[in-house]
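Read the structure below first, then the notes.
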Amino acid sequence: MNPDLRDSPSVITLDGPAGVGKSTMARRLAASLGVAYLDTGAMYRTLGLGLGAGAADLSDGELRRRCAEYRFSLESCPSNPDSLCLFCNGRMVGDEIRTEKAGRLASLVARLPALREALQSVQRDMGRRWSLVAEGRDMGTRVFPEAQHKFFLDARPEVRAERRCRDLAQRGEAADKAAVLAAIRARDEQDRTRAVDPLRPAPDAHVIDTSDLTPDEVLQSLIHTVRAPAFSHLAADGSLRMVDVGGKGESERVARARGVVEMRAETLDLLRRRALPKGDVLTAAKIAGIMAAKRTWEMIPLCHPLSITYADLRFSIQDEPPAVILESEVRARGATGVEMEALFAVQTAAATIYDMAKAAQKDMIIRDVRLVYKAGGKSGEFTAPG
Ligand code: DC
């Protein structure tokens with residue numbers, strides 16, 4: 001088990017309609033993250049088979065009492081003691097629930113609020129105890145609304161029918177594609193339109209249409225999202241947001257950035273002698289860099305407009321290897337730093353050098369653009385190593 005996830009249980013939810021490949025994905029995602037896999041459909045199937053269609057005629061009190069007779073738990077799998085499997089009353093839930101009949105009955109009992117509440121409470125308990133990839137229909141919307149990551153997998157009904165037929169064929173079972181498609185449509189209708197906890201994506205879920213993706217591509221996309229660091233520019237629903245700096249105090253800000261434009265000795269010689277056809281390269285680059293510093297906020301989406309008090313570019317010429325070294329310096333007084341301005345100034349000046357000299361050489365290389373120094377603000381001073 002992944003120690004990061006074991007220390008404080010965290011839950012990833014995976015919801016979606018029947019036949020979308022959720023189970024395979026949830027199992028593989030759980031295995032690659034080293035956490036447990038919770039198949040909540042298996043719980044509804046177990047109760048569907050156990051209670052039968054007659055469950056719908058029971059009073060809420062009687063239904064709750066009958067549900068309590070099914071004690072679900074996650075325990076070491078007999079085939080692999082390092083993973084957890086779903087058990088009911090001390091016996092592992094197995095393939096007996098994987099029939100069409102069990103699916104139909106599950107969908108039927110899943111409409112009963114008292115039964116859903118009983119299962120949801122057990123599922124929440126499991127989420128408090130274990131780090132999980134929880135798969136079902138209402139994991140992100142109802143059972144784990146505070147889950148760290150929520151996914152909703154979807155696919156066109158025809159694609160899901162095709163996949164289900166392939167699965168059945170692999171298991172040696174005959175499949176009538178039209179009947180499978182009709183069953184999938186009927187189950188969709190039942191799951192999406194039921195009064196309690198209908199199937200729908202949570203507002204903050206990542207919705208992935210898997211119709212034209214391979215299983216490996218879907219898994220990569222899930223893992224990529226889960227492993228991506230939480231940036232402050234990402235709001236809870238994954239959309240972009242500008243950081244509110246209104247409450248931050250103002251201070252003097254300074255930033256310096258550097259970059260290199262590598263070129264052949266002959267090109268450098270023409271530049272030095274101001275003999276390139278477009279004229280004085282470094283003067284043009286200096287003006288371009290200063291303008292870029294002043295307009296950075298217009299080009300970098302979440303950058304704040306700043307009142308710049310100083311911007312300049314310095315150049316030095318290096319003979320071995322032949323290159324122009326650029327250094328920008330930008331200053332402002334404000335609530336946010338000028339690092340982006342310094343970086344953007346160097347990059348624009350470097351691109352201008354390229355533009356001015358490209359008639360003489362096309363394969364100049366712009367490289368090593370980086371922040372070398374900054375001061376001011378809460379994070380204080382920074383000097384790049386080396
Ligand atoms: O994923 P599955 O096919 O094993 O699910 C069987 C049925 O159980 C499905 O029709 C909807 C229902 N279900 C549900 O309502 N809520 C869940 N969290 C999981 C399954």
Side-chain angles (χ1 to χ4, degrees), residues 11-30 36-53 55-56 63 67 70 72 74 85-86 88 92-127 132-145 147 150-155 157 160-161 163-165 167-168 171 173 180-202 205 210:
V11 173
I12 295 169
T13 62
L14 203 62
D15 290 303
V20 77
K22 292 188 303 295
S23 307
T24 316
M25 257 339 117
R27 194 175 288 115
R28 288 181 65 185
L29 180 63
Y37 160 56
L38 175 63
D39 175 2
T40 60
M43 299 168 103
Y44 286 91
R45 284 170 181 265
T46 304
L47 287 191
L49 278 182
L51 302 179
L63 192 54
C67 287
Y70 294 79
F72 289 99
L74 287 174
C85 283
L86 183 67
C88 181
M92 195 177 90
V93 176
D95 283 343
E96 69 282 359
I97 57 154
R98 298 287 158 214
T99 60
E100 274 305 308
K101 180 182 167 206
R104 229 180 18 257
L105 286 168
S107 187
L108 207 79
V109 299
R111 286 185 297 176
L112 307 173
L115 181 144
R116 295 196 71 82
E117 277 161 26
L119 285 186
Q120 287 166 343
S121 152
V122 176
Q123 292 156 9
R124 281 189 201 107
D125 280 348
M126 288 174 169
L132 299 173
V133 174
E135 177 229 322
R137 304 293 193 286
D138 56 349
M139 297 295 102
T141 49
R142 184 83 180 166
V143 181
F144 300 110
K150 299 179 185 178
F151 297 99
F152 188 91
L153 300 190
D154 210 347
R160 288 188 276 136
R163 288 176 186 164
R164 176 126 307 168
C165 288
D167 283 354
L168 289 171
R171 277 192 260 148
E173 292 177 42
V180 170
L181 179 58
I184 278 184
R185 289 212 156 105
R187 186 90 77 82
D188 278 3
E189 177 69 11
Q190 201 163 62
D191 290 346
R192 286 184 210 263
T193 58
R194 68 173 176 231
V196 274
D197 307 332
L199 172 67
R200 62 182 168 80
T210 70

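Order of listing sets the numbers, starting from 1, for every ligand and every atom in it.
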Short version for A18: what comes under 4.0 Å of ligand 1, heavy atoms counted, is neither
>> With the threshold set at under 4.0 angstrom, would you say M43 reaches ligand 1 through any of its heavy atoms?
In response: no
Nearest non-hydrogen protein atom to atom 16 (N) of ligand 1, with distance, is R116 NH2, 3.2 Å
Worksheet entry | contact_flag R194 ligand 1 heavy-atom lt 4.0 Å | yes
Report task. In sequence, state the C-alpha distance, the side-chain angles, and the governing distance for D191 and S107, and then conclude on side chain to side chain contact (heavy atoms under 4.5 Å, CB included). Result -> CA-CA 7 Å; D191 290 346; S107 187; 3.3 Å; yes
In this structure, atom 8 (O) of ligand 1 is nearest to the protein heavy atom Y44 CB, 3.6 Å
Here the atoms of ligand 1 under 4.0 Å from any heavy atom belonging to D191 are 9 (C), 10 (O), 11 (C)
The answer for which part of L199 has a heavy atom under 4.0 Å from ligand 1 is neither
shortest atom 1 (O) of ligand 1-to-protein heavy-atom contact is with R137 NH1, 2.8 Å
Ranked by distance from atom 7 (C) of ligand 1, the top protein heavy atom is A106 CB, 3.6 Å
Ligand 1 contact by Q190, heavy-atom criterion under 4.0 angstrom
no
The protein heavy atom nearest to atom 18 (N) of ligand 1 is D138 OD1, 2.8 Å
N/O of R98 under 3.5 Å from N/O of ligand 1, yes or no?
no
Worksheet entry | Residues R98 and S23: side-chain donor-acceptor under 3.5 angstrom | no
